[in-house]
J.: 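Below are the C-alpha cells for one structure; questions will follow.
Here the structure is a predicted model, which means the values were calculated and not measured. Here is how names work: the chains are called A, B, and so on, in the same order as the sequence lines, proteins then strands, and each is numbered from 1. Heavy atoms only: backbone and side chains are in, while hydrogens, waters and symmetry mates are out.
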Amino acid sequence: MPLIPRLKKRPQFLAAAASGHKHVAKGMIVQARRRREDEPGYDPSRGFALGFTASKKVGNAVARNRAKRRLRALAHEALRDLPAAPIDLVLIARKQTLERDYQDLTADFQHALKRLLRLCAAVPPGDDGRSGEPQA
RNA sequence: UCAGGCGGCCAAGCGGCUGCGGCCUGUUUCGGCAGGUCGAGGAAAGUCCGGGCUCCACGGAAGAAUGCUGCUGGUUAACGGCCAGCGGGGGCGACCCCAGGGAAAGUGCCACAGAAAGCAAACCGCCAGGGCUCGGCAACGAGACCGGUAAGGGUGAAAGGGUGCGGUAAGAGCGCACCGCGGCCUUGGUGACAAGGACGGCAAGGUAAACCCCAGCAGGAGCAAGACUAAAUAGGGAGCGAGCGGCAAGCGGGCACCGAAAGGACGCACGGAUUGUCAAGUGCCUUCCGCACUAUCGCUUCGGGUAAGUUGCGUGAAUUGGCUGGCAACAGCCGAUCAAGACGAAUAGCCGCUCCACCCUUGGUUCAGUGAAUCAGGGGGGUGACAGAACCCGGCUUAUCGGCGGCCUGAUGCA
RNA sequence: GCGGGUGUAGCAUAGUGGUAAUGCAGCGGCCUUCCAAGCCUCUGAGGUGGGUUCGAUUCCCAUCACCCGCU
C-alpha cells in the first residue's frame, strides 16, 4: 500500500482553508482542496495528501493526540481503495471526535468525502476555487 | 473489631485484525520490501528552585546596588531539597505543624476604644500617716486642697512580671517563698541548646513575611544554546593603513550697513592654516587606573540569514543485586545490564473475553434496625484515575479511579 | 524555552495594614397626567488555600484561571 503523504507546513493548511471546500460533520470538520497544476512543486503522480488539526478546544495533549490518531486511522482505511486524485484533505478534530462511536465517525467521513470529491471535480483545473461558491 | 498515624510498591490483563517511530540484518528495479529487536510517567505536568552542557562576556583594585536564603550539625555536583537533632505549638497517643539573630545601631507604625500606646503617666478610685484648712482646751474628729498609691474598676491584641504570705495610712519586689525573666559562673554537648548554682531586682512592650543591620550565595543567556555541510547573489563582518573634536583670539575674501569714493567697522555665514586653552562623547554596573569604539576613504580577507539537511542526542552525578561504613540522608567497593529518541511530532486504532469500580436487583448473615455493613449470584453500563518524553539530571509542588503490602498508636471485646 | 502582568458587586474601574469607594445596570420610593431626566434607598463583592500580624483586599508562600511579550 502506498503511503499517503502528509501536510506538514502551515501554508499548506492555510491554503486548504482558504481555497478549499469545507464539510462540517458531527465528529469532525473536513476541508478539501484540489492542487493546481501551475503551483510550485506540483507532482501529477501524487494522490491524496492528508493533514490533521486538533486545537486546544478539543482538550489537553492526551485528548488532542488521541483525536488525531482516530482520524488518521479512519482516513487511511477509507482512502485505501479510492482512485488517486491530486487533492489535499484536512481533518479537524472536534470535541465529539473522542466521544462518537467509531462506526458513526467512519460514516461521517465517508459522507463528507463523497460530497467534497464531487465539489472538487466540478471546479475545473486551473481555477483557484476562490471564484466559486464561498463555502460548502 | 472499630478509629487513626507514617513509610513503600503497582498504575488493569490476555487474544485477534490493521498500523506507527528508531536501530540491525538481508534484498532491491534505489521508490521500497521482508525478518528481528526496542518503544512514555509517577507525576513525562506546573516551571517553583538547584546543577550538568553550550555560547557570549570576563584587565586590576575598591565599592555600591539588586535578588534569594536564614535554629544547629550533617549530606550533596548543587539546592530554598533531604537526614538527624535543638526550640515553640497541637494531639490521649502513634505523630503532625512552625521557624534565623538584632527592637539596650537607627527610622517608621501600633486604627477604634481608653486618662495614658512607649515614656512613663494617673480617669474613676483608695489613703487622714505628713503638710494645710475647719471644729475642739486637749485627746481627737472632719475635709482629698498640697500630697501618697498603682491593690481594685473600666478600654484594648497589648497598660512596665504571676500566685501566696508578710508588710503598710493605703499600697507597692518594699521584704520573703515558688514560678517566670535577665546577664554571670560551672557542667554536658562539635553545636543549636540543656541542667545546676549564686546574683539582680523589674529595668528592656509588639512589629524586622515594615525600612534596615549581620552572615552566606548569585556574570548573562539558553539545545530555537552551539557546531558542520550544499547551492546563487547583494547589504555585512574582521584585519591593516590614512584620518577625525569643542571654545576663544586673530587672518582671508563674500554678503549686508555707513559713505560720492577711498575707506570704515557693528553684524551674518564660509574657508583653510596659526596661536592659546579645554581636551570630548559612547561602551565595559559605579569610581580610579586601563582598554575599545566613534566621519570617511583605500587595500586585503572572511562568508552569514533563509524554521533546508546533518549534528548536539542518549554510557549517565545511569539502573540494579550484594557487601562495608553511618541512627539516617548518603558514601565506598564488587558484580550484572544498556533500556524511547520523535520534529504537524511515533510509542497506536478497532473488536472480543476476563478483572475492577459504579448503579439496579435476588438470597443469606450481623448490627446500635423503615437503614447500614458484609458474603454469594444475576442484569445494565463505563471502556476506564490523573495524564504524553521534546537536551539531560537532582528536588519541590500540584492532579490522581483505585489496588497491594509493612510498621506503629488509641479504644473495645474474648482467651 | 525564557519573561511579565491581572484577578474587587451583574458590568467597568478606585483605593488603602484597621469603616471596601465611584459610575452604569437592576429593585423600590419621591416627582410627573404618563415617560425621560433628577433625588433617596437597597446591593450575600477582593480567584482559592495556608502563613506573618492584635488585625490581611493590602505583606509572604503555594495553587488556579486569564492575558501579553521575546526567541
Side-chain angles (χ1 to χ4, degrees):
Chain A
M1 189 190 94
L3 256 182
I4 300 178
R6 301 282 294 280
L7 302 178
K8 293 189 172 181
K9 295 298 179 185
R10 178 170 168 79
Q12 295 175 320
F13 284 85
L14 292 178
S19 61
H21 303 283
K22 184 168 91 176
H23 179 85
V24 180
K26 207 178 186 67
M28 79 204 75
I29 299 171
V30 186
Q31 292 171 334
R33 169 178 172 272
R34 187 183 191 87
R35 287 192 294 277
R36 291 155 45 190
E37 292 170 5
D38 55 346
E39 67 185 29
Y42 180 79
D43 182 3
S45 67
R46 277 181 66 205
F48 293 107
L50 281 171
F52 301 92
T53 291
S55 77
K56 263 190 173 176
K57 272 191 284 187
V58 174
N60 58 17
V62 176
R64 292 198 301 270
N65 286 340
R66 178 170 155 74
K68 282 194 280 187
R69 283 197 301 264
R70 294 192 87 189
L71 293 179
R72 196 158 58 221
L74 69 88
H76 275 267
E77 285 177 19
L79 294 179
R80 194 181 333 181
D81 306 320
L82 284 179
I87 289 177
D88 289 342
L89 286 170
V90 173
L91 279 74
I92 303 174
R94 314 180 71 184
K95 274 182 189 163
Q96 290 86 352
T97 308
L98 297 171
E99 307 153 2
R100 198 159 168 78
D101 192 83
Y102 190 74
Q103 299 301 323
D104 298 337
L105 211 58
T106 307
D108 283 347
F109 183 64
Q110 293 287 358
H111 181 71
L113 202 58
K114 226 165 65 178
R115 180 157 174 277
L116 290 172
L117 286 180
R118 198 177 62 237
L119 282 171
C120 283
V123 176
D127 193 341
D128 61 354
R130 257 172 242 178
S131 57
E133 62 277 6
Q135 282 303 332

J.: Select one nucleotide: of B:A345, B:G349, B:G344, the one nearest the side-chain heavy atoms of A:Ala73.
T.: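 Of the candidates, B:G349 comes closest.
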J.: Hey, which sits more toward the 5' end of RNA chain B by its nearest nucleotide, A:Phe52 or A:Arg69?
T.: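 So the residue in question is A:Phe52.
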J.: If the glycosidic angle is within 90 degrees of 0 it's syn, otherwise anti, so just tell me which one B:G200 is.
T.: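 Anti, which is what one calls it when the glycosidic angle falls more than 90° from 0.
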J.: Please classify B:A105 as syn or anti, treating any glycosidic angle within 90° of 0 as syn.
T.: anti
J.: Identify which nucleotide among B:G344, B:G388, B:G349 has an atom closest to any side-chain atom of A:Tyr102, counting heavy atoms from C-beta outward.
T.: B:G349
J.: A:Arg70: what forms a side-chain contact (heavy atoms from CB on, under 4.5 Å) with it, not counting sequence neighbours?
T.: A:Arg66, A:Tyr102, A:Leu105
J.: If you assign A:Arg66 and A:Ala63 each to the RNA chain B nucleotide with the nearest heavy atom, which residue ends up on the more 5' nucleotide?
T.: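 Result of the comparison: A:Arg66.
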J.: Identify which nucleotide among B:G349, B:G388, B:A345 has an atom closest to any side-chain atom of A:Arg72, counting heavy atoms from C-beta outward.
T.: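 For A:Arg72, the side-chain atoms sit closest to B:A345.
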J.: Let me know the distance between CG of A:Leu98 and C1' of B:G382, rounded to the nearest Å.
T.: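 Distance, rounded to whole Å: 15 Å.
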J.: Of all residues at least two apart in sequence or in a different chain, which pass the salt bridge (charged side-chain N to carboxylate O under 4.0 Å, His left out) check with A:Arg100?
T.: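 By the salt bridge (charged side-chain N to carboxylate O under 4.0 Å, His left out) rule, A:Arg100 matches A:Asp108.
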J.: What's the base orientation of C:G46: syn (chi within 90° of 0) or anti?
T.: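 Here C:G46 takes the syn form, which means its glycosidic angle is within 90° of 0.
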J.: Please classify the glycosidic conformation of B:G239 as syn (within 90° of 0) or anti (everything else).
T.: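 Judged by the O4'-C1' to base torsion, B:G239 sits in anti, the angle falling more than 90° away from 0.
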J.: I'd like the C1' distance from B:G101 over to B:C71, given in whole Å.
T.: 10 Å
J.: C1' atom, B:U149 versus B:C124: distance in rounded Å?
T.: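 To the nearest whole Å, 15 Å.
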